[in-house]
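Worksheet for the structure shown next.
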Amino acid sequence: MSDFPKHFVWGTATAAYQIEGAVQQDGRGASVWDLFTHTPGKIKDGSNGDRACDHYYRFPEDIRLMKELGVNAYRFSIAWPRIQPEGKGRVNPKGIAFYDRLLDGLLEQHIDPYATLFHWDLPQALEDQGGWMNRDTAYRFAEYAHLLADAFQDRIKSWITLNEPFVVLTLGYALGQHAPGKAYGLQAMPVAHHQMLGHGLAVQAIREISQSPIGITHSLAPAIPATDRDEDIQAATLMDEFHNGLFLDPLLRGQYPKSLVALMGEQAESFIRTEDLSVMSAPIDFLGVNYYAPDHVRANSKAPLGLEMVPMPDRPKTGFGWPIVPEGLTQLLLDLKERYAEKLPPIHITENGCSYPDLPDAAGKIDDSKRIEYLELHLEALLKALDKGVDVRGYFCWSLLDNFEWAEGYTQRFGLVHVDFETLKRTPKASYHWLQQFLRGR
Ligand code: GCO
């Protein structure tokens with residue numbers, strides 16, 4: 001093949017809380033990230049998403065940037081608290097109206113909307129009832145999905161139910177580093193199960209109304225042992241099952257990895273019901289894969305799961321300190337193909353990108369050559385997987401805009417477009433122009 005297929009999907013990705021701002025405008029309810037970011041000490045630079053990129057008001061300019069970039073798709077997320085301020089019941093018409101306008105703007109420019117229904121901004125009112133620790137939230141999520149399908153029908157060209165339930169489990173409920181800031185450790189496992197149950201119920205709810213493809217986005221990574229010692233190899237195997245298998249096995253096989261059922265122990269009986277696994281494994285049309293870097297794993301008997309993530313000393317790093325390992329993307333995709341074979345649906349890379357402290361020079365230009373190199377290397381790695389028969393249909397660069405990077409606040413910049421968070425001025429970086437040129441040929 002040695003080039004991307006003619007009808008390959010090229011997009012950029014964002015998320016509501018990271019770019020929209022307008023957190024108290026037009027009837028939006030509070031999300032767990034509103035409370036978390038306004039709790040002192042939670043965010044590295046003490047910032048929040050109250051204004052972010054002001055995308056709620058500036059989305060026409062951002063659509064123009066996508067159009068000029070030459071992408072044919074845009075992955076964004078719908079803020080649940082804009083649609084149902086209490087997470088259930090009452091629907092906020094101004095919330096529906098905002099996404100109506102956004103969809104119209106995208107469709108006018110022939111940019112296919114890929115909508116993520118949950119990208120971490122759970123309505124606080126649901127968290128007050130236990131959030132994803134509470135099985136009821138799965139059913140509230142399905143109701144929310146159903147009303148979105150009813151409101152937007154097939155103007156949403158692809159539905160993505162959840163974004164990265166692994167990160168919600170680990171950072172949101174096990175370690176407390178993300179909203180809602182719970183540190184339940186391994187007692188947080190119901191969060192994994194209830195999110196995947198919500199996914200399965202939402203697939204059923206959407207399919208009652210919409211014919212558009214439905215998928216889910218997972219953060220996935222190959223697990224690399226830090227040394228060839230047996231204990232590190234075993235630790236990497238466990239990390240692979242915890243990071244990848246915990247979500248992909250129920251989704252694609254209708255069962256949990258045996259090692260994790262043992263790990264969950266008795267608590268598993270308290271939240272896993274037999275019929276749940278068949279709901280979770282409802283056939284999907286695509287699997288969204290977010291890839292940034294591998295998991296580099298070492299055994300540590302004192303750590304939870306008996307393992308820890310360690311730096312990769314011999315690899316270049318991004319501005320975020322993440323190792324640059326493009327071959328990890330090829331390996332991940334080949335592993336998925338081998339493990340799940342005919343159960344593996346087509347794949348979209350729904351996020352890939354890097355953070356660097358990009359600032360304009362005296363002439364106002366931003367020469368982010370390292371981002372260009374990162375993207376080139378990862379697209380080459382992606383092409384290697386396609387050449388070996390992995391069915392990848394699309395690639396979404398994270399991110400269109402510099403934005404609110406969760407617990408890092410505005411200290412990390414992932415955008416193809418620089419945002420001055422004082423003036424909100426958008427400035428396309430060199431990587432934007434590079435990608436524009438790359439897409440022109442396609
Ligand atoms: C994620 C989230 C994004 C992040 C991006 C950079 O994958 O963690 O989907 O919201 O901002 O990945 O960390």
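Here, residue 1 is the first one in the sequence, and each next residue gets the next number. For ligands, and for the atoms within them, numbers begin at 1 and follow the listed sequence. If you're wondering where the values come from, they're calculated on a predicted model, not measured in any experiment.
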Check ion pair [X]-[Y] (N to O, under 4.0 angstrom):
X: Arg82; Y: Glu20; answer: yes
X: Glu143; Y: Arg140; answer: yes
X: Lys429; Y: Asp358; answer: yes

> Can you list the steps and then say if Tyr114 with His348 is a ring pair (Phe, Tyr, Trp, His ring centres under 6.0 Å)?
Replying inline: CA-CA 11 Å; Tyr114 281 58; His348 281 290; 5.5 Å; yes
> Can you tell me the protein heavy atom closest to atom 8 (O) of ligand 1 and the distance?
Replying inline: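 Minimum-distance protein heavy atom for atom 8 (O) of ligand 1 reads Glu164 OE1, 3.2 Å.
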> Of all the non-hydrogen atoms in the protein, which one sits nearest to atom 5 (C) of ligand 1, and at what distance?
Replying inline: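 Nearest neighbour among protein heavy atoms for atom 5 (C) of ligand 1, to 0.1 Å: Tyr292 OH, 3.3 Å.
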> Can you find an N or O of Asn163 that's nearer than 3.5 Å to an N or O of ligand 1?
Replying inline: yes
> Of the non-hydrogen atoms in Pro360 and Ile366, which two are nearest, and what is the gap between them?
Replying inline: CA-CG1, 3.5 Å
>> Looking at every non-hydrogen atom in both residues, tell me the closest pair between Thr318 and Tyr356 and how far apart they are.
In response: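 Residues Thr318 and Tyr356, closest heavy atoms: CA-OH, 3.6 Å.
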Taking only heavy atoms of [X], which atoms of ligand 1 are found under 4.0 Å from at least one of them?
X: His119; answer: 2 (C), 3 (C), 9 (O), 10 (O)
X: Phe414; answer: 6 (C), 13 (O)
X: Trp322; answer: 13 (O)

Using a 4.0 Å heavy-atom threshold (strictly under), name the region of [X] that reaches ligand 1: side chain, backbone, both or neither.
X: Thr217; result: neither
X: Phe320; result: neither
X: Glu405; result: side chain

> Any non-hydrogen atom of Val167 lying under 4.0 Å from ligand 1?
Replying inline: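 Checking ligand 1 against Val167, which is what was asked, there is no heavy-atom contact under 4.0 Å.
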> Is the closest heavy-atom distance from Phe166 to ligand 1 below 4.0 Å?
Replying inline: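 The answer is no, since Phe166 has no heavy atom less than 4.0 Å from ligand 1.
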> Is the side chain of Thr116 donor-acceptor paired with the backbone N or O of Ile160 at a distance under 3.5 Å, no angle test?
Replying inline: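 No: the side chain of Thr116 does not pair with the backbone of Ile160.
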> Any sub-3.5 Å donor-acceptor pair from Asn92's side-chain atoms to Asp26's backbone N or O?
Replying inline: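 Indeed, once roles are kept as given, a pair shorter than 3.5 Å links the two residues.
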>> Heavy atom to atom 2 (C) of ligand 1, shortest distance: which of His218, Glu351, Gln18 holds it?
In response: Glu351
